[in-house]
Amino acid sequence: MTGAVLERRRSGWDVVLGILLVIAGVVILAHVVLATVVSVLFLGWLGLVGGVVALIAAVFQIGRGGFWATALSGGVLLVLGLMLLRYPGTAALTLTLIAGSLFLVGGIVRLVMAFDRGAPRAALVLSGVVGIVLGLIVLFNLWAATFTLLGVLLGVQALADGIMLLLFGRLRVRRTDALDRVPGSAELR
């Protein structure tokens, strides 16, 4: 019987990629305004190209099922990409408002979940309070956070990913025989 085992290993490439991500995170955190603008423009170009590709794919689906859904989603994605590119300041403000709202709502949900029976109360209360505080800070300082929050989030994410990659490596799937099971590994079927 053949299966697959999910295991965590660290290779030399993981170390190199982890170091590059840590360096990128530090550089991004040193230039958060530039990182915010670049990320909004990147999302705009991604939406623009994705919309064009979806519209082209819709042309090849004429007469078959899925044409209207593909064409409509491609058109919406194209318009969204154009808006992000045309009005990057407004796009940054909108994304900051969404991020602040998600922090706030996520914090409230975690606090509510902390009262669920059997839930890890301390972790959920701490996480919920941090989420609510972050959400309120962002929402009450929306204009100041507009050109910094996205860059800070991107920099912190790159830094955290780099550190995690350096410490633990990546998950890999390895094919196994019935006799070649690794204890402690998750088995995929």
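Quick note: numbers below take in every heavy atom, side chains included, and nothing from hydrogens, waters or symmetry partners. Count residues from 1 along the sequence. Keep in mind the model is a prediction, meaning the values are calculated, not measured.
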For residues 15-42, tabulate all N or O donor-acceptor pairs below 3.5 Å that involve a side-chain atom, not counting sequence neighbours.
from, atom 1, to, atom 2, distance (Å)
T36, OG1, V32, O, 2.9
T36, OG1, F147, O, 3.2
T36, OG1, G151, N, 2.8
S39, OG, A35, O, 3.1
S39, OG, T36, O, 2.8

Acceptor/donor pairs from residues 153-163 side chains to any protein atom, 3.5 angstrom cut, sequence neighbours excluded:
from, atom 1, to, atom 2, distance (Å)
Q157, NE2, D161, OD1, 2.9
Q157, NE2, D161, OD2, 3.2

Linking I/L/V/M/F/W/Y whenever any side-chain heavy atoms sit under 4.5 Å apart, do [X] and [Y] land together?
X: L134; Y: L149; value: yes
X: L78; Y: L46; value: no
X: W143; Y: L139; value: yes
X: V133; Y: F140; value: yes
X: I62; Y: L72; value: no

According to the salt bridge (Lys or Arg N to Asp or Glu O under 4.0 Å) rule, which pairs have a member within residues 14-33, sequence neighbours left out?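 Checked against salt bridge (Lys or Arg N to Asp or Glu O under 4.0 Å) - neighbours excluded - the pairs reaching residues 14-33 are D14-R170, D14-R172.
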Distance-only donor-acceptor hits, side chain of residues 79-100, under 3.5 Å, sequence neighbours excluded:
from, atom 1, to, atom 2, distance (Å)
T94, OG1, T90, O, 2.8
T96, OG1, A92, O, 2.7
T96, OG1, T146, O, 3.4

Name the atoms and distances for all side-chain donor-acceptor pairs under 3.5 Å in residues 52-61, with sequence neighbours left out.
from, atom 1, to, atom 2, distance (Å)
Q61, OE1, T70, OG1, 2.9

Under 3.5 Å donor-acceptor pairs involving side-chain atoms of residues 102-114, not counting sequence neighbours:
from, atom 1, to, atom 2, distance (Å)
R110, NE, S127, OG, 3.1

